[in-house]
Amino acid sequence: MEIKKKHGRINGGALENYKRTRFLYYKQTFACCQGLSLLNFFLYQSLQVQFLVPDIVYVITGLFLCYSGFLGNNQGEESILREPLLNGGTSISIVESDESKGEETVTPFSKAGFFSLLTFSWIGPLIAEGNKKTLDLGDVPQLDTSNSVVAVFPAFRNKLQCDCGGSNGVTTLKLVKALIFAFWAEILLTALFLLLDILASYVGPYLIDTFVQYLNGRREFKNEGYVLVMVFFLAKLVECLSLRQCSFRLQQVGFRIRAVMITMIYNKGLTLSCQSKQGHTTGEIINFMSVDAERIGDFIWYMHGPWMVIVQVTLALLILYKNVGLASVAAFFATIIVMLANVPLGKWEEKFQGKLMESKDKRMKATSEILRNMRILKLQGWEMKFLSKIVDLRKNETGWLKKYLYTSAMTTFFFWVAPTFVSVVTFGTCMLIGIPLESGKILSSLATFRILQQPIYLLPDLISMIVQTKVSLDRITSFLRLVDLQSDVIERLPKGSSDTAIEIVDGNFSWDLSSPNPTLKDINLRVCRGMRVAVCGTVGSGKSSLLSCMLGEVPKISGILKLCGTKAYVAQSPWIQSGKIEENILFGKEMDRERYERVLDACSLKKDLEVLSFGDQTVIGERGINLSGGQKQRIQIARALYQNADIYLFDDPFSAVDAHTGTHLFKECLLGLLGSKTVIYVTHQVEFLPAADLILVMKDGRITQAGKYNEILNSGTDFMELVGAHKKALSALNSVETGSLSEKLSIHEDSDNIGGTSEVVEKEENSGGQNGKAEEIDGPKGQLVQEEEREKGKVGLWVYWNYMRTAYGGALVPFILLSQILFQLLQIGSNYWMAWASPVSDDVKPAVRGSTLIIVYVALAVGSSFCVLSRAMLLVTAGYKTATILFNKMHLCVFRAPMSFFDATPSGRILNRASTDQSTIDTNIATQVGACAFQLIQLLGIIAVMSQVAWQVFIVFIPVAATCIWYQQYYIPSARELSRLAGVCKAPIIQHFSETISGSMTIRSFDQESRFRDTNMKLIDGYIRPKFSIAGAIEWLCFRLDMLSSVTFAFSLVFLISVPEGVIDPGLAGLTVTYGLNLNMILAWVIWNFCNMENIIISVERILQYTSIPSEPPLVIEENRPACSWPSHGQVDIQDLQVRYAPHMPLVLRGLTCTFLGGMKTGIVGRTGSGKSTLIQTLFRIVEPAAGQITIDGTNISSIGLHDLRSRLSIIPQDPTMFEGTVRSNLDPLEEYSDEQIWEALDKCQLGDEVRKKEGKLDSAVTENGENWSMGQRQLVCLGRVLLKKSKVLVLDEATASVDTATDNLIQQTLRQHFVDSTVITIAHRITSVLDSDMVLLLDHGLVEEYDTPTRLLENKSSSFAKLVAEYTVRSNSSLENVADT
């Protein structure tokens, strides 16, 4: 309670300060207004009556401003942000926890009164808070119900389903109709505001001629001038109010549309069939969300464009008809010609935009895949090759980008010239048909052309946005039409209604329905409730597909599949969400502490959690990056156990854990906690088969044998092969136990090196242990995944400076500015010429002849056109070059970053920069920076014209300008931080979506789709929150600027009618009014553009952030390159090795010392999390040692380049990885080997026949992540890679975890045959994989526990290794004996 009161006081104080400041400021402004009235009174006492109107203007304005100062007392308490929800934060869990407190701080907009809505005072407290301190996410109020996607989406979805009948019937037209139906009320309201704005904006041009005639002495009635001023001023007020309301409401609709589109795409991603998913990768779908949905939301700005253009052109023509009669017909045709000429440009833009998006998709697809597999790329030394692949894709993209940008530049040029072209045609027609040109009519026409510029300027953007939006809608529609999972695959029976848990009758299933060869054929299976069913078979036989079919994931060709009860699934590749370990285990269920503890015990997770600094509150990195393979698998099993489902499907869960843990899991989980449940488990470990009530043997997609262990043992060859391979491995184990050793080992046995190892290790272990503990206690601890870094405070000038000088050192910037200055001078010159050279009325003699008037005007117009052309081309050139350079810099830095960067950085953050931020730099920022400079020059031009006629304008303009700058400075801190928060809040949406797509099968198997949909909607609302406040804040600023510029304009008008007749040339006075009409718009645009530039320049800031990532050590050190033959012997010496993953993390290896002799096979064993994989990563310098060193053949690996090291070592990693492409590109991405060598390697790794069966042979397609290959086959491809490389040092990181025992034996045999002289270091969970090693290293908690020959370790029955082997033997033999007894 104390905290809440304290925060209430702080925020209340901020609000009071804000109100006090605002009141004092407005009071002073009011005083100024009254002061000006008194000044006029004393200066012109004889004209007292005339000051009625200025007094009215000042009093109305002053009272309004004072009201704004007082506003807030009545509703202030409601809008106080009582309690910050957070101290910032970016992760999904943080956003979710923030949401849970929502109702307390709903946006004041929901309860704001009429005047508060009108003046945007409801956002004032947040801006005041941002002016006092750096805003955090907790300071930003929650969305009200009407703006939340949770409330908006159902109406949209229902309308779309009603129109389409299903996702397959979605068309672009139906999608647009559903969007309009869902938001028709808001769209209609914005249309009404916009119509008011347009009508008010044409009042000025309509009255200019009357005003000029009034100044020339033609008076229609008494006090006509003051009535004119009042009408001008009121029209400006209506224009200001309606435009601001329209703008804010449009943004509201944009947010809602963006939210429902992202939700729609997300929901579709959850239901996609496997085949559809192969056609659209995660990277592409991320583009649908981050680029296409954003673009459709942005189109809301242009939605009213088509009818608005027609209304504006019609009004303009009516005013022109009043001024120039029939010449307005020529103006109409000139406008039509201008608009029609845009058609070919629009078509080109559509084509280039479509191609640009296609190429962007391909790049994002590749980037997403590369980021997911960066570890394997670095291990293999391939990252620069894959960077060149991204650069090539970007070159293709920039080819289309260049065409698109230059087409846009031509469109811009064409339409900047268009109003001048229309005015030349109109005035030329007047000369030809003899219509007299008077200065008042010319100025009224020029003001009309200036407003007509808006629809004509809008038209290129409008057409471009229509084109882009149509492309985006088409892309999203085609995605929504993709085939979903078949909903009728499974016939679900009510829970408890049948004794049969799963039944398949005559089932034929295929991942690819167009393939003539089904994946699963003639499946007949009945599993009763409570049965344990084991599924075994060789690699690629269809085991995982059988489980998938039971989940309803594989399309059904024919047959019946019935399922009774809830299900839980454990995938072969662990799927872990980023977030806390506890959240991963609970997976949406309420905490039941007793059950939770039982599950942790059963999954052997308690010891692991004790080691982790934060226990089960440890935040897991993306894809479980900071956990070992075994830990990930056990967390996944724990998640399934905690669900308390009826049916459990395990896809080879014991492959990623060591033998001891595997036994424990099998006993405690399958036989213990799940003793009464229906369990179907795939396994390659034969020792787990006898416990099954039913064993299914798979081959080529068929169940070839089914029955109990003994029944099928002698009834067919397939099962005999598997069991035979297992028995062969056990006999090898027995032979080692009896002491038979290879000849090679006996030669080495007597050497001093090995003889003394045990003693050395013992000493090292003790000292290392002490050091390790000291390190661990003293060292700083922290989570691996930190909150996303965001800059705070003002965007540094260095960001702008870096951006502007990136292309050609900034050489083009002066020329761009010079072009704009010349353009502005020529524009003012041409208007000034027309006002000065034409007579005020038909009874005054013209200063020049009509032909001279037009010729000079045309010459000035042509000059200004060339300036616009050069400006547009130079700006595009500079922007394009800058975007290309920044892209290359960022990607080089990201690819050269150490692995710790990728461990701690979710790929969503990198993808966000590579897609959204890069898109902004490609197409928006150059235009935005240019617009700021151009409109500032335009504003200075207007002020120059106004002050040249009436310098007294400066009396008001200087304080007004100072006030505008004060307002901007007051607003900017909040807007800047809100924009940064919006950028930070977007990454969790992408990250959550990316995780959902990769784990969609697991999510569906737990029937958790609705929870994930809800989480997605919460994250979207979290992203829109700061965006909504940004929209309110910018309108708050623009409204106040509009009011101030309207006061300036009104003052200049009052001054013009107050001076005696004849003092000021009426034509030039009219020119002042013509320019003054645009003052409020230009001033607002200047401030808005500067603010918007600061908001979007954050994209540059974010990309520059990633151009300064600390790099890995050099790839090559020229002065210290190893010999071509290195390593010739392959001896690896490790001295006092200490390793931690990050400075704030505890030590993983704590003083490890040992030697791997050259040409010998060393097996590394140890419990999950003991540091086995960390040791290998240090050998490849994925992680740099905190202390100690590793030498290979006497060369310290830290002293040579990374590529020199990694290219000389080979590894078959723990997670088998394949990339999208072909079989050839997967085996030989660097293109170093011939086809013959590749075929030879394929044959050696038992894949030759499989590849020959495929139509494309070596060019057969491999889909994203190698999804069209089984896990075991992917592992064999990794074996093929090392067979091609033939390195002297080979590392197997649990390389045979995903294959059956028979295939494992084949792999071991292949390695023995082809790496006879190499140093082979093997991490294995199967004891049989390391028994024929020359040496065995046993690790425990990052220290060497035992290191000796297998024989010596087995002779010492008390050794940990001997106990491990004994346990494995007992488990395997007892399994077989139990069967023999039955």
Got a donor-acceptor contact below 3.5 angstrom from the [X] side chain to the [Y] backbone?
{"X": "Arg526", "Y": "Ile502", "answer": "no"}
{"X": "Glu583", "Y": "Lys580", "answer": "yes"}
{"X": "Ser273", "Y": "Val483", "answer": "yes"}
{"X": "Asp506", "Y": "Gly559", "answer": "no"}
{"X": "Glu491", "Y": "Leu563", "answer": "no"}
{"X": "Glu995", "Y": "Ser578", "answer": "yes"}
{"X": "Trp575", "Y": "Gln636", "answer": "no"}

If you define the side chain from C-beta out and look only at heavy atoms, does anything of [X] sit under 4.5 Å from [Y]?
{"X": "Thr500", "Y": "Arg529", "value": "no"}
{"X": "Leu586", "Y": "Tyr642", "value": "yes"}
{"X": "Trp511", "Y": "Ser545", "value": "yes"}
{"X": "Leu605", "Y": "Ile585", "value": "yes"}
{"X": "Leu546", "Y": "Val535", "value": "yes"}
{"X": "Val489", "Y": "Val554", "value": "no"}
{"X": "Leu561", "Y": "Glu503", "value": "no"}
{"X": "Ser604", "Y": "Arg634", "value": "yes"}

Looking at [Y] and [X], is any side-chain nitrogen of the basic one under 4.0 Å from a carboxylate oxygen of the acidic one?
{"X": "Glu1009", "Y": "Arg1013", "value": "no"}
{"X": "Asp646", "Y": "Lys567", "value": "no"}
{"X": "Asp652", "Y": "Lys543", "value": "no"}
{"X": "Arg702", "Y": "Asp522", "value": "yes"}

What is the distance from atom [atom1] of [X] to atom [atom2] of [Y], rounded to the nearest 0.5 Å?
{"X": "Leu673", "Y": "Ile637", "atom1": "CG", "atom2": "CD1", "result": "11.5 Å"}
{"X": "Ser510", "Y": "Lys521", "atom1": "OG", "atom2": "NZ", "result": "9.0 Å"}
{"X": "Leu1247", "Y": "Arg1274", "atom1": "CG", "atom2": "CZ", "result": "12.5 Å"}
{"X": "Gln643", "Y": "Gln1008", "atom1": "CD", "atom2": "CD", "result": "5.5 Å"}
{"X": "Leu600", "Y": "Lys607", "atom1": "CG", "atom2": "NZ", "result": "14.5 Å"}
{"X": "Thr566", "Y": "Lys495", "atom1": "OG1", "atom2": "NZ", "result": "4.5 Å"}

Apply ring-ring contact (aromatic ring centres under 6.0 Å, His included) to Tyr266 and list each qualifying residue two or more places apart in sequence or on a separate chain.
->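 Once residues adjacent in sequence are excluded, the partners of Tyr266 under the ring-ring contact (aromatic ring centres under 6.0 Å, His included) criterion are His992, Phe993.
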Can you give me the closest heavy-atom contact between [X] and [Y], atom names plus distance?
{"X": "Ala534", "Y": "Leu689", "result": "CB-CD2, 3.6 Å"}
{"X": "Ser497", "Y": "Pro494", "result": "OG-O, 2.6 Å"}
{"X": "Cys549", "Y": "Ile504", "result": "SG-CD1, 4.1 Å"}
{"X": "Val570", "Y": "Pro653", "result": "CG1-CB, 4.2 Å"}
{"X": "Arg595", "Y": "Leu641", "result": "NH2-O, 2.6 Å"}
{"X": "Ala602", "Y": "Leu665", "result": "O-CD2, 3.7 Å"}

Got a sec, which residues hit side-chain contact (heavy atoms from CB on, under 4.5 Å) with Leu694, two or more places apart in sequence or on another chain?
->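 Expected list: Leu525, Met531, Val533, Leu696, Ala706.
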Side chain to side chain donor-acceptor pair (under 3.5 Å) assessment of Lys677 paired with Asn644 = CA-CA 9 Å; Lys677 305 284 186 181; Asn644 198 22; 3.0 Å; yes
Which ring-ring contact (aromatic ring centres under 6.0 Å, His included) pairs, counting each pair once, include a residue from residues 582-609, with sequence neighbours left out?
->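 Output for this query lists Phe587-Phe1006, Phe587-Phe1012.
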So does Asp700 have more than 12 non-hydrogen atoms from other groups sitting under 6.0 Å from CG?
->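 Check fails, neighbour count at 12 or below.
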Take atom NZ of Lys667 as the centre, draw a 6.0 Å sphere, and report whether it contains more than 12 heavy atoms from other residues, nucleotides or ligands.
->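 No.
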Would you sort out whether Phe666 and Tyr681 count as a ring-ring contact (aromatic ring centres under 6.0 Å, His included), showing the intermediate values?
-> CA-CA 11 Å; Phe666 190 77; Tyr681 60 99; 5.8 Å; yes
Does the pair Leu649 and Met550 meet the rule for a side chain to side chain contact (heavy atoms under 4.5 Å, CB included), with working shown?
-> CA-CA 9 Å; Leu649 305 171; Met550 291 172 186; 4.0 Å; yes
Evaluate side chain to side chain contact (heavy atoms under 4.5 Å, CB included) for Val682 paired with Phe650, printing each intermediate quantity in order.
-> CA-CA 6 Å; Val682 169; Phe650 289 92; over 6 Å; no
With under 30° as parallel and over 60° as perpendicular, where do the rings of Phe153 and Phe156 fit, or are they tilted in between?
->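 If you compare the ring of Phe153 with that of Phe156, the planes turn out tilted.
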Any chance you could lay out the side chain to side chain contact (heavy atoms under 4.5 Å, CB included) test for Asp499 and Cys528, step after step, and finish with the verdict?
-> CA-CA 6 Å; Asp499 284 338; Cys528 295; 5.7 Å; no
So among Thr678, Ile680, Leu671, which one has a side-chain contact (heavy atoms from CB on, under 4.5 Å) with Arg532?
->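 Of Thr678, Ile680, Leu671, side-chain contact (heavy atoms from CB on, under 4.5 Å) with Arg532 is met by Leu671 alone.
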Can you list the steps and then say if Leu670 with Phe688 is a side chain to side chain contact (heavy atoms under 4.5 Å, CB included)?
-> CA-CA 10 Å; Leu670 268 71; Phe688 294 138; over 6 Å; no
